[in-house]
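Please read all numbers here as calculations on a predicted model, not as lab measurements. Counting starts at 1 for both ligands and their atoms, in listed order. For reference, positions follow the sequence shown, starting with 1.
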Amino acid sequence: MTDSGQTPLRVALLGGGVVGGAVARMLATQADDLAARIGRPLQLVGVAVRRAGKDRSETGIDPELFTTDAEALLDRADIVVELIGGIDRARELILAAMERGASVVTANKALLAEDGPTLYAAAAEHGVDLYYEAAVAGAIPILRPIRDSLAGDSIQRVIGIVNGTTNFVLDAMDTSGAGLPETVEQAQSLGYAEADPTADVEGFDAAAKAAILSSLAFHTRVASSQVHREGITSISSRDVQAAREMDATVKLLAICERVETPAGVGVSARVHPAMIPLTHPLASVRGAYNAVFVEAEAAGQLMFYGQGAGGDPTASAVLGDIVAVARTRVGGGHGPGEIAYADLPVLPMGEAITRYHVSLDVADRPGVLAAVAQVFSDQGVSIETVRQEVGGDGGGPRAELIIVTHAARDAALTATVTALAGLDQVNEVTSVMRVEGS
Ligand code: NDP
Ligand code: HSE
C-alpha cells in the first residue's frame with residue numbers, strides 16, 4: 001500500500017552507543033534531506049539503552065528520548081533499528097518488532113551469521129523488511145552491490161579484509177617489525193581493539209562477516225559455524241618478515257569461493273591469515289581500513305574500500321538502510337527477502353584450493369632436498385619455488401628451505417606439512433602460511 005501523506009515514519013533505536021548515538025545525531029542533522037529523499041519525514045521516537053542512570057549529555061540526544069523499556073518502544077515504531085549487539089536479546093527484540101509490523105535495520109553481524117534465516121522467515125511472515133548493510137565492513141556499500149547490482153552476474157569469489165583491528169595489527173607489525181602482543185596493546189590504546197580482543201584476533205568477527213558475504217554471493221545459507229576460522233594469534237614478526245622476503249604482506253582474509261570438486265560445485269568460506277603479493281589491490285589496504293575484492297564472471301574484478309568501523313562511518317550505512325526501508329513503506333512493496341535457492345553444499349576446509357608457503361629448518365646434507373620433495377610429490381602437491389638459506393652449525397650443518405607450492409587442495413597441503421614434520425631430515429617446520437591472490 002502506498003502512503004503519500006506527511007505523517008512522519010517513526011524510528012525506534014535499540015542501542016544508543018557508538019553507532020546508535022551517531023545514527024541519532026544524523027537523523028537530527030539530516031532530517032530535511034532525509035525527508036526529501038524518502039517522501040516523508042522520519043521521527044525518532046526513542047532510544048532504548050540498558051543503563052538507566054548513565055550520563056548521556058555528551059551524545060547531544062534529547063534526554064527525554066532515552067528509555068530502558070525497549071518493548072514499549074517497539075509499539076510506537078514503523079522502523080526499528082537494532083544496535084545493541086549480542087545474540088539473544090537482539091533476536092528477541094527484532095522478532096518482536098517484526099511481529100508488530102515494523103521493518104528492521106540492524107548492524108548485528110553475529111546474530112545474522114548465526115541465525116539469519118530465522119530473521120528472514122519472520123520478516124516474510126509479517127511482510128516487513130530486513131536490511132543490514134552495516135553488518136559487513138561498516139561504511140563500505142558491499143552487501144547491496146552483491147545482492148542487487150551483481151544479481152545478473154555470477155560471483156566466483158569474494159576476498160575481504162573485513163576486520164579493521166587485525167588489519168591495523170598486521171600492518172603495524174609489517175611497518176615496525178614489532179611482535180603481536182605489543183601491537184595488539186597499541187591497537188587497544190588507540191581504541192581499535194576492545195579490552196578483550198578475542199572476537200577480532202581469533203577471527204570470530206571476520207567469520208561472521210564471511211558467512212553473510214557467502215550467503216548473499218552464492219544464494220546459499222552459510223552460518224558462521226560453517227566458516228573455517230583461524231585468527232592472527234600465531235602470527236610472529238618472523239612470518240611477517242618471511243612475507244616481505246617474498247614481496248608479499250600478511251593479511252587476515254575472509255575468502256568466500258565457489259569451488260568445483262569432483263562431486264560438484266560447493267561453497268568454501270574461510271578466514272585465515274595469508275600472504276598476498278604486494279601487487280594485489282588488497283595489499284595496499286593499510287591501518288584499520290577494510291576492503292572487499294569481488295570477482296564476478298562478467299563484471300570481472302571489483303574492489304570496494306573504506307572505513308569498516310566507527311560511529312559515523314557505520315551510521316552512514318545504517319542511515320542508507322533506514323532510507324531504503326522507509327522508501328518501501330512510502331512507495332509500497334518490499335525489499336528482497338532471503339534468496340537461498342542455490343542451496344550449495346558448504347565445503348570443509350580440506351576442499352579449499354590454496355597455496356602454501358612453508359619454511360623448514362633442515363639438516364644440510366646430501367639427499368635432504370630430495371626427501372623433502374618426495375613428501376610433496378607423495379601428496380600430489382606441486383612445488384612452485386624452493387629457496388635455500390645456509391643456516392647455523394649447531395648440531396651439524398643446517399639450512400632453511402623456503403618452499404612455495406602451486407595451488408592444491410588444503411587437505412593435501414596440511415597432510416604434506418604433517419609428513420614433513422615427521423621427516424628425520426627436518427629439524428623443525430618453522431612457518432606455514434597460505435598464499436592467496438596470485
Ligand atoms: P555499544 O556497546 O557502543 O552500544 C550498545 C548500546 O546498546 C548501548 O547504548 C547499550 O546501552 C545498549 N544495550 C546493550 N544491551 C542492551 C539491552 N539488553 N537492552 C537495551 N539496550 C541495550 O555498541 P556499538 O554501537 O559499537 O555496536 C552496536 C552494533 O553495531 C553491534 O551489533 C556491533 O557489532 C555493530 N557494529 C559496530 C561497529 C562499530 O564500529 N562500533 C561497526 C559495525 C557494526 P548502555 O548505553 O546503557 O550501555
Ligand atoms: N571490531 C570490528 C573491526 C569492527 O575491528 O573491524 C566491527 O565490525
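Within a 6.0 Å sphere centred on CG of D32, other residues, nucleotides and ligands contribute 12 heavy atoms or fewer. The 12-atom threshold is exceeded at CD of E182, counting heavy atoms of other residues, nucleotides or ligands nearer than 6.0 Å. Shown here is R238, whose CZ atom has no more than 12 heavy atoms of other residues, nucleotides or ligands within 6.0 Å. Taking a 6.0 Å sphere around CD of E58, one finds it holds more than 12 heavy atoms contributed by other residues, nucleotides or ligands.
The shortest N or O to N or O distance between G308 and ligand 1 is not below 3.5 Å. Not a single N or O atom of K54, backbone or side chain, sits closer than 3.5 Å to an N or O atom of ligand 1. Looking at Y192 next to ligand 2, no N or O pair under 3.5 Å apart turns up. Between T165 and ligand 2, at least one pair of N/O atoms sits closer than 3.5 Å. Not one N or O of G311 is nearer than 3.5 Å to an N or O of ligand 1, by distance alone. Close N/O approach between G15 and ligand 1 is not found [any backbone or side-chain N/O within under 3.5 Å]. Between R51 and ligand 1, a contact under 3.5 Å exists for at least one N or O pair.
With hydrogens left out, the protein atom closest to atom 1 (N) of ligand 2 is D200 OD1, 2.9 Å, a heavy atom. Shortest contact from atom 4 (O) of ligand 1 to any protein heavy atom: G17 CA, 3.3 Å. In this structure, atom 22 (C) of ligand 1 lies nearest to the protein heavy atom I84 CG2, 3.5 Å. For atom 30 (O) of ligand 1, the nearest non-hydrogen atom of the protein is A107 CB, 3.6 Å. Annotation: atom 40 (O) of ligand 1 to nearest protein heavy atom, G310 N, 2.7 Å. For atom 3 (O) of ligand 1, the nearest protein heavy atom (residue, atom name, distance) is V18 N, 2.9 Å. Nearest protein heavy-atom neighbour of atom 38 (C) of ligand 1: V19 CG2, 3.8 Å. Ranking protein heavy atoms by distance to atom 44 (C) of ligand 1, first place goes to K109 NZ, 3.5 Å.
Residue contacts with ligand 1: G138 is excluded, as none of its non-hydrogen atoms falls under 4.0 Å. In this structure, K109 counts as a contact residue of ligand 2, since one of its heavy atoms falls inside 4.0 Å of the ligand.
Partner Y356 forms a side-chain contact (heavy atoms from CB on, under 4.5 Å) with one of I383, I403, T414, V404 and no other, that one being T414. When each of R10, Q43, R100 is tested with D78 by the rule side chain to side chain donor-acceptor pair (under 3.5 Å), just one qualifies, namely R10. No option in I235, L170, V201, D205 other than L170 meets the side-chain contact (heavy atoms from CB on, under 4.5 Å) test with L252.
Using a 4.0 Å cut-off between heavy atoms, E194 makes no contact with ligand 2 at all. Residue-level proximity to ligand 1 for A134 is carried by the backbone, the only part with a heavy atom below 4.0 angstrom. Of all the heavy atoms of D205, the ones lying under 4.0 Å from any atom of ligand 2 belong exclusively to the side chain. Under 4.0 Å from ligand 1, the heavy atoms of T314 that appear belong solely to its side chain.
In this model, a donor atom of one side chain and an acceptor atom of the other lie less than 3.5 Å apart for E436 and T354. For the residue pair E82/T106, the side-chain donor-acceptor check at 3.5 Å is satisfied. With no hydrogens or angles considered, a side-chain donor-acceptor pair links T328 and D129 at under 3.5 Å.
Comparing L111, L83, V47 by heavy-atom distance to atom 5 (C) of ligand 1, the nearest is L83. Looking at E71, R50, Q307, E82, it is R50 that brings a heavy atom closest to atom 11 (O) of ligand 1.
F293 places none of its side-chain heavy atoms less than 4.5 Å from the side chain of R157. A 4.5 Å side-chain heavy-atom check between M275 and K251 finds every atom pair outside the cut-off.
Across P273 and E230, no two heavy atoms sit closer than the pair CD-O, 3.8 Å. V169 and T183 make their closest contact through O-CG2, 3.4 Å (heavy atoms, listed as atom of the first residue, atom of the second, distance). The minimum heavy-atom distance between A315 and M26, with the atom names listed, is CB-SD, 3.8 Å.
Distance check for atom 32 (O) of ligand 1: a protein heavy atom is found below 4.0 Å.
Ligand 1 places these atoms under 4.0 Å from at least one heavy atom of R89: 18 (N). The ligand atoms of ligand 1 that sit less than 4.0 angstrom from a heavy atom of R56 are 45 (P), 46 (O), 47 (O). The G164 neighbourhood of ligand 2 comprises atoms 3 (C), 5 (O), 6 (O), with distances under 4.0 Å to a heavy atom of that residue. Of all the atoms in ligand 2, the ones that sit under 4.0 Å from a non-hydrogen atom of A309 are 4 (C). Heavy-atom proximity to G16, at under 4.0 Å, picks out these atoms of ligand 1: 6 (C), 8 (C), 9 (O). Distances below 4.0 Å separate heavy atoms of G85 from the following atoms of ligand 1: 31 (C), 32 (O).
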Is there a side-chain hydrogen bond (donor to acceptor under 3.5 Å, both in side chains) between S431 and D239? Walk through the geometry before answering.
CA-CA 7 Å; S431 158; D239 294 323; 3.0 Å; yes

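Ring geometry, Y289 versus Y305: the interplanar angle falls under 30°, so the pair is classed parallel (tilted spans 30 to 60°).
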